[in-house]
A.B. asks: 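The structure is given below, and queries will be raised subsequently.
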Amino acid sequence: MSKTLESPATAEALRDAHVRPRGLTDRMRVDPLHTVITVAVDVLAATIAVAEAVLWRTGSLTELGSLPWLFIPIVIAILGAGGLYRRSLSRNFLDEIGPVETAVAFATLAMLSIMLVVETEYRPGALMVRMWITAAVAIAVGRLIRAAIQRRMRIKYRSAAPTLIVGGGPIAHQLVTRMREFPEYGLTPIGMVDVLPVTPVDPAAPDYIDVPYLGTPNDFDLIARTTGAEEVIIAFAAVETEQLVAATRSAHQLGMRVWMVPRLFDTIGLKTRIEHLGGLPLMVLPHVDPKGWQFFLKGATDRVLTSIGLLLISPIFLLLMLLVRLSSPGPIFFAQERIGRDGIPFDCLKFRSMRPPRASDAEFVRIEGAAPGGVEGVDRRTKIGKIMRQTSLDELPQLLNVIRGDMSLVGPRPERPVYVDLFAMQIRRYGERHRVKAGVTGWAQVHGLRGQTSIADRAEWDNYYIENWSIWLDVKILFLTVLAVLKRAED
């Protein structure tokens with residue numbers, strides 16, 4: 001549990017929590033500043049697009065008058081109407097690119113319609129096509145640069161919003177862990193607000209949270225004002241609903257953003273929507289059917305794309321086969337039994353990257369709570385094996401598994417039978433990963449969960465992927481996989 005402060009509502013106790021008091025006006029600047037910077041980047045990109053198109057058409061910025069420059073406020077208005085200036089936890093360029101390009105296309109269509117109505121002296125078609133292409137590139141690049149800078153600032157300089165967590169227990173522990181693992185989300189936990197903890201404050205306990213306990217929800221207004229918190233997450237608190245509602249109202253009055261962990265959070269996906277029965281909100285939970293036609297189409301597409309890809313990389317594939325053969329005695333491929341969809345075992349293929357074991361080699365002892373993988377025990381990797389491991393080239397033969405139908409290009413990574421049985425007993429929802437085919441790459445892998453990393457975290461990311469699956473999510477994961485492969489893996 002979290003550590004408890006004496007007299008948490010006092011200024012002295014809050015100073016002990018290592019937070020810097022700030023006023024309401026400081027807190028209110030966060031969202032407007034974010035919006036101003038984003039709008040400025042888009043305006044600059046749109047201005048470049050219009051200037052380039054006009055100069056290409058006439059060689060002068062003023063010869064066509066002011067009409068072409070109307071494109072700038074139109075595209076900004078459409079971007080704003082589409083919610084693209086709303087501050088989000090993680091500014092991901094891949095999530096923005098589709099809505100941005102749609103907004104640019106609509107702005108171009110609107111401008112072309114206006115020019116046709118006013119009957120310009122020149123033919124607007126060629127001008128607007130030029131403007132459309134330039135704006136599509138310039139605005140996308142501008143947003144990519146802004147997102148990259150923001151991500152770097154958050155990761156390297158910890159420029160994150162101070163965040164209060166209302167609630168405790170395992171969910172609060174998970175929230176704090178995620179905020180620290182992924183600083184790019186822009187949240188820094190500064191304190192817990194809940195009823196007084198009743199469990200021992202033991203740093204060795206698995207649910208220990210090393211952020212200060214600041215008080216109860218009844219003191220929320222004072223705590224928020226004193227700490228200068230900008231965000232609050234409502235988790236599972238052992239208090240009356242009325243107190244949580246009052247804390248939420250207080251947070252909104254102070255200009256804070258309020259997030260809420262929903263009940264039955266395991267069932268909440270990206271496509272969840274809110275309907276109302278009178279004034280009562282109802283959350284509609286769409287269902288992704290792993291045995292539906294979408295996944296049948298996904299499997300067929302995987303096989304076609306994999307066959308084409310394997311043909312294109314066949315020179316590299318054949319070269320690696322030769323190098324493995326020459327590296328040390330043994331087969332070219334290493335086949336290991338893994339568990340796939342519906343718990344059915346299959347032989348997962350890899351290029352052999354290690355020499356045969358010796359009697360003197362020490363046995364591998366798995367770290368408790370971590371998955372097996374990486375270098376297990378004595379490092380028996382060959383020279384070419386080390387390179388293949390670091391670049392993930394050893395996993396190329398799994399493309400053959402995809403063609404055979406054992407695996408998919410994207411999905412949860414398969415595990416050995418002995419560990420599957422163990423993890424299913426120890427890790428919540430671990431067995432639910434087997435609802436779909438195992439993948440060559442996956443949502444957990446592109447988030448750094450490779451080798452001997454947390455099994456519980458892998459299960460969390462994998463189940464997220466299954467319940468929010470879409471073709472675009474697969475494309476996104478494949479793109480992120482390329483970026484991950486370009487960075488040398490540790491093992």
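Position 1 is the first residue of the sequence, and the numbers go up from there.
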A.B. asks: What are the two closest non-hydrogen atoms of I190 and L164, and how far apart are they?
C.D. replies: CG1-CD2, 3.8 Å
A.B. asks: Find out whether R458 and I427 are in side-chain contact, i.e. whether some heavy atom of one side chain is under 4.5 Å from a heavy atom of the other.
C.D. replies: no
A.B. asks: Can you tell whether the side chains of D347 and R404 come within less than 4.0 Å, N to carboxylate O?
C.D. replies: no
A.B. asks: Could you tell me whether the side chain of T441 and the main chain of G439 form a donor-acceptor pair under 3.5 Å?
C.D. replies: no
A.B. asks: Please round to the nearest 0.5 Å and tell me the distance separating atom OG1 of T391 and atom CG of L393.
C.D. replies: 3.5 Å
A.B. asks: Considering only heavy atoms from C-beta outward, does the side chain of V288 approach that of K271 to under 4.5 Å?
C.D. replies: no
A.B. asks: Apply the test side chain to side chain contact (heavy atoms under 4.5 Å, CB included) to residues M388 and V324: give CA-CA distance (whole Å), side-chain angles for both, the deciding distance (0.1 Å), then the verdict.
C.D. replies: CA-CA 10 Å; M388 290 193 301; V324 171; 3.7 Å; yes
A.B. asks: Are L264 and M283 close enough, and set up right, to give a side chain to side chain contact (heavy atoms under 4.5 Å, CB included), and what steps lead you there?
C.D. replies: CA-CA 11 Å; L264 302 178; M283 189 173 291; over 6 Å; no
A.B. asks: Side chain to side chain contact (heavy atoms under 4.5 Å, CB included), that's the test. Do K298 and L409 meet it? Break it down for me.
C.D. replies: CA-CA 9 Å; K298 167 182 164 65; L409 280 176; 5.9 Å; no
A.B. asks: Quick one: are D42 and V75 in side-chain contact, heavy atoms under 4.5 Å?
C.D. replies: no
A.B. asks: Kindly compute the distance separating CG (L478) from CG (L483), expressed to the nearest 0.5 Å.
C.D. replies: 11.5 Å
A.B. asks: Sequence neighbours left out, what pairs pass side chain to side chain donor-acceptor pair (under 3.5 Å) with at least one residue falling in residues 318-332?
C.D. replies: S328-R352
A.B. asks: Atom CE of M321 and atom CG of L326: how far apart are they, to the nearest 0.5 Å?
C.D. replies: 11.5 Å
A.B. asks: Is any side-chain heavy atom of T108 less than 4.5 Å from a side-chain heavy atom of M131?
C.D. replies: no
A.B. asks: Between I165 and M179, is there a side-chain heavy-atom distance shorter than 4.5 Å?
C.D. replies: yes
A.B. asks: For the pair R178 and D457, find out whether any cationic side-chain nitrogen is under 4.0 Å from an anionic carboxylate oxygen.
C.D. replies: yes
A.B. asks: Measure across I171 and A235 and return the closest heavy-atom pair with its distance rounded to 0.1 Å.
C.D. replies: CG2-CB, 4.2 Å
A.B. asks: To check you understand the geometry: which heavy-atom pair defines the closest contact between A103 and L79, and what is its length?
C.D. replies: CB-CD2, 3.5 Å
A.B. asks: Indicate yes or no: at least one non-hydrogen side-chain atom of K476 is less than 4.5 angstrom from one of V410.
C.D. replies: no
A.B. asks: Minimum heavy-atom separation for P162 to G228, with atom names?
C.D. replies: CG-O, 3.7 Å
A.B. asks: Does the side chain of E181 reach to within under 4.5 Å of the side chain of H447, using non-hydrogen atoms?
C.D. replies: no
A.B. asks: To check you understand the geometry: which heavy-atom pair defines the closest contact between G167 and D194, and what is its length?
C.D. replies: C-OD2, 3.4 Å
A.B. asks: Has L297 got more than 12 heavy atoms of other residues, nucleotides or ligands less than 6.0 Å from its CG?
C.D. replies: yes
A.B. asks: Count the heavy atoms belonging to other residues, nucleotides or ligands that lie under 6.0 Å from CD1 of I316, then report whether that count exceeds 12.
C.D. replies: no
A.B. asks: Looking only at heavy atoms, what is the nearest atom pair of C348 and P414, with distance?
C.D. replies: SG-CG, 4.5 Å
A.B. asks: Report yes if the side chains of K437 and V402 come closer than 4.5 Å at any heavy-atom pair, otherwise no.
C.D. replies: no
A.B. asks: Would you check, one step at a time, whether the test side chain to side chain contact (heavy atoms under 4.5 Å, CB included) holds for R413 with M407?
C.D. replies: CA-CA 9 Å; R413 289 294 293 159; M407 298 178 67; 3.8 Å; yes
A.B. asks: I'd like to know whether CZ of F106 has more than 12 heavy-atom contacts from other residues, nucleotides or ligands below 6.0 angstrom.
C.D. replies: no
A.B. asks: Parallel, tilted or perpendicular: which describes the rings of W461 and W443, with under 30° parallel and over 60° perpendicular?
C.D. replies: perpendicular
A.B. asks: Just checking, is any N or O donor in the side chain of D474 or Y465 under 3.5 Å from an acceptor N or O on the other one?
C.D. replies: yes
A.B. asks: Report the relative orientation of the aromatic rings in F351 and F317; use parallel for angles under 30°, tilted for 30 to 60°, perpendicular for over 60°.
C.D. replies: tilted
A.B. asks: Enumerate the side chain to side chain donor-acceptor pair (under 3.5 Å) contacts for residues 302-311, please, sequence neighbours excluded, ordered by first and then second residue.
C.D. replies: D302-S408
A.B. asks: If you draw a 6.0 Å radius around CZ in F333, do more than 12 non-hydrogen atoms from other residues or ligands fall strictly inside?
C.D. replies: yes
A.B. asks: Could you tell me the separation between the CZ atom of R381 and the CE atom of M354, rounded to the nearest 0.5 Å?
C.D. replies: 9.5 Å
A.B. asks: Here's a test for you: under side chain to side chain contact (heavy atoms under 4.5 Å, CB included), which of D462, I466, D342, D289 qualifies with R435?
C.D. replies: I466
A.B. asks: To the nearest 0.5 angstrom, please state how far the CD1 atom of I233 sits from the CE atom of M192.
C.D. replies: 10.0 Å
A.B. asks: Can you measure from CD (E231) to OG1 (T163) and round to the nearest 0.5 angstrom?
C.D. replies: 5.0 Å
A.B. asks: Where the side chain of R341 meets the backbone of P290, is there a donor-acceptor pair that is under 3.5 Å apart?
C.D. replies: yes
